[in-house]
Novice: 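Sharing a structure with you now.
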Number of protein chains: 2
Amino acid sequence: MSSMDIERAQLALFTELAEIARTLGSPHRLMLLQHVAQGARSVERLAELTGLSVANASQHLQHLKRNNLVATERDGKRVLYSLAGGPINEVLGALTRLAEHQRAEIHSVISDSFTQRERLEGISREELLERLRDSSVTLLDVRPQEEFAMGHLPGAINIPVEVLEEHLSMLPQDHELVAYCRGPHCVLSTSAVDTLRKKGIKARLLDAGFPEWKAAGLTVETGV
Amino acid sequence: MSSMDIERAQLALFTELAEIARTLGSPHRLMLLQHVAQGARSVERLAELTGLSVANASQHLQHLKRNNLVATERDGKRVLYSLAGGPINEVLGALTRLAEHQRAEIHSVISDSFTQRERLEGISREELLERLRDSSVTLLDVRPQEEFAMGHLPGAINIPVEVLEEHLSMLPQDHELVAYCRGPHCVLSTSAVDTLRKKGIKARLLDAGFPEWKAAGLTVETGV
DNA sequence: CCTTGAATCAATCAATCCATTGAATTATTC
DNA sequence: GAATAATTCAATGGATTGATTGATTCAAGG
């Protein structure tokens with residue numbers, strides 16, 4: 001193997017990696033990905049969820065598909081998009097951590113870094129299972145009711161973030177809360193924890209979201 | 001927090017993530033990153049290493065810098081670029097794994113998937129340390145001599161990939177070989193293992209590269 | 001202070017990307 | 001098989017990106 005070949009191989013690999021990275025390099029595609037990660041969705045639905053035009057969403061989805069980030073399946077007259085296999089969540093997770101790291105570095109200079117440290121402190125699946133067993137925490141699902149109905153963690157109560165402030169009374173006062181939503185790169189639960197902390201309620205973040213939980217083969221409840 | 005705010009926060013986060021992803025979305029920038037990850041380098045050197053023009057390399061480097069992926073430092077009349085802090089390698093690693101996963105899926109359909117499975121099977125740092133202790137393996141550093149001299153794993157022998165085939169006789173026949181180079185997303189060692197396997201020599205890949213080793217605080221030798 | 005070497009800036013052009021529009025496919029249903 | 005609903009294709013124009021060139025800044029040394 002000549003050094004020429006090696007350089008070509010390097011370039012080929014990097015070109016491949018770059019193409020994937022570029023595919024992730026659009027806020028709209030990331031949004032689509034996030035929604036697709038919740039389960040199979042039609043193009044129309046995804047367009048609605050993201051506020052894009054149908055044609056535009058379709059094109060972005062095809063872009064994602066070309067790079068094997070999503071898969072399609074036909075269901076009657078609609079096409080359902082779902083997340084492709086492979087460690088896609090790992091990439092998004094690593095990206096998010098990197099972004100958070102960078103943001104933290106900036107903030108630690110500008111702001112007093114006040115609850116910054118605490119904010120990022122999540123609870124792991126293992127710890128959660130442990131604490132659920134002796135029921136020392138309450139699980140809070142902050143996704144929209146609709147998604148909650150499609151499946152949620154066992155024992156979780158559902159209060160969408162939008163209505164959280166009006167429903168604080170529904171929360172148990174003596175338990176610590178653990179909030180979760182769609183995954184590590186979903187801000188719903190982060191917002192929720194912020195809100196709760198401001199009200200003086202103890203709340204933490206689950207490291208994972210519903211998709212991760214399901215993927216890990218753990219039990220899931222459906223319905224309201 | 002209204003649902004409007006949440007959507008804005010979502011969008012802001014995704015825009016941030018997308019920007020980082022876009023920055024990684026160019027083969028040339030990935031190449032620069034890879035070289036920069038080896039240690040501080042001047043613009044001219046990096047241009048030379050990647051085959052880019054100086055001005056072009058400079059611009060790409062600045063792009064990387066704007067997104068906090070590299071840092072600069074002045075040394076006399078030259079500017080040295082080095083890798084910024086944060087989990088950058090995790091992102092690249094996850095990306096590489098995703099790409100490999102996708103490639104594996106394609107190959108498993110097209111080709112007979114022959115040594116594909118084996119190719120990806122790396123040896124971990126822990127296992128390596130173990131096997132080095134009872135010296136049942138030989139470590140092979142396949143980077144250029146120059147980089148080897150700047151630092152390498154203890155006990156490693158240096159045969160750059162370019163000259164590997166001509167120097168097979170230098171290899172111990174009874175030991176299994178473990179090849180490593182610049183990191184998980186460096187193809188040098190993969191090429192080397194391929195070459196060796198074709199010659200019927202047992203060889204495996206180290207999961208990590210020299211930078212990871214150093215970062216883990218393990219001992220390092222310098223000189224030739 | 002002027003020269004030299006190293007890096008960056010500014011301006012340009014080609015190539016690509018993104019959103020929009022309206023037409024064309026595809027599978028279903030009557 | 002015609003009508004319909006869902007998605008995709010094709011074409012357009014505006015914005016962004018990437019590489020190249022030449023000029024400019026910046027630090028060091030005579």
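Here is the naming used below: chain letters follow the sequence lines, and residue numbers restart at 1 for every chain.
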Novice: Take atom CG of Leu80(A) and atom P of dT7(D), then tell me their distance rounded to the nearest Å.
Specialist: 8 Å
Novice: Examine dT8(D): is either OP1 or OP2 under 4.0 Å from a nitrogen or oxygen in the side chain of Ser58(A)? Give yes or no.
Specialist: yes
Novice: Does Arg97(B) have any side-chain contact (heavy atoms from CB on, under 4.5 Å) partners at least two apart in sequence or in another chain, and if so, which?
Specialist: Pro87(A), Ala94(B)
Novice: Can you build the contact string for nucleotides 25-30 of chain C? Use B for base contact, S for sugar-phosphate-only contact, and - for no protein heavy atom under 4.0 Å.
Specialist: --SS--
Novice: Mind checking what makes side-chain contact (heavy atoms from CB on, under 4.5 Å) contact with His28(B), not counting sequence neighbours?
Specialist: Ser26(B), Leu52(B), His60(B)
Novice: Any side-chain N or O of Tyr81(A) under 4.0 Å from OP1/OP2 of dA6(D)?
Specialist: no
Novice: Looking only at atom types and distance, does a side-chain atom of Asn158(B) sit under 3.5 Å from a main-chain N or O of Arg143(B), one as donor and one as acceptor?
Specialist: yes
Novice: We want to know whether Ser58(B) and Gln62(B) form a side-chain donor-acceptor pair, criterion being a heavy-atom distance below 3.5 angstrom.
Specialist: yes
Novice: Could you check whether any side-chain N or O of Asp141(B) sits under 3.5 Å from a backbone N or O of Phe148(B), counting only pairs where one atom can act as donor and the other as acceptor?
Specialist: no
Novice: Please report, rounded to the nearest Å, how far the P atom of dA6(D) is from the CG atom of Leu61(A).
Specialist: 16 Å
Novice: Under 3.5 Å, sequence neighbours excluded: what are the donor-acceptor pairs made by side chains of residues 38-45 of chain A?
Specialist:
unit_1: Gln38(A); atom_1: NE2; unit_2: Gln34(A); atom_2: O; d: 3.1
unit_1: Ser42(A); atom_1: OG; unit_2: Arg45(A); atom_2: N; d: 3.2
unit_1: Arg45(A); atom_1: NH1; unit_2: Glu146(A); atom_2: OE2; d: 3.0
unit_1: Arg45(A); atom_1: NH2; unit_2: Glu146(A); atom_2: OE2; d: 3.0

Novice: Each nucleotide in nucleotides 16-23 of chain D should get exactly one letter: B, S or -. Can you fill that in based on protein heavy atoms under 4.0 Å?
Specialist: -SSSBB--
Novice: Tell me: CZ of Arg78(A) to C1' of dT4(D), nearest whole Å?
Specialist: 14 Å
Novice: Provide, to the nearest angstrom, the distance between the CZ atom belonging to Arg66(A) and the P atom belonging to dT16(C).
Specialist: 14 Å
Novice: Roughly how far, to the nearest 0.5 Å, is NE2 of His152(A) from CD of Gln145(A)?
Specialist: 11.5 Å
Novice: Once salt bridge (charged side-chain N to carboxylate O under 4.0 Å, His left out) is applied, what residue pairs with a partner in residues 73-84 of chain A remain, sequence neighbours excluded?
Specialist: none
Novice: Distance check needed: dA10(D) C1' versus Gln62(A) CD, whole Å only.
Specialist: 12 Å
Novice: Calculate the interatomic distance between Arg41(B) atom CZ and dA7(C) atom C1'; express it in whole Å.
Specialist: 18 Å
Novice: In plain terms, say whether Glu147(B) and Arg182(B) are close enough for a salt bridge, that is, a side-chain N and a carboxylate O under 4.0 Å apart.
Specialist: yes
Novice: In this structure, how many angstroms lie between the C1' atom of dA7(C) and the CD atom of Glu48(B), rounded?
Specialist: 16 Å
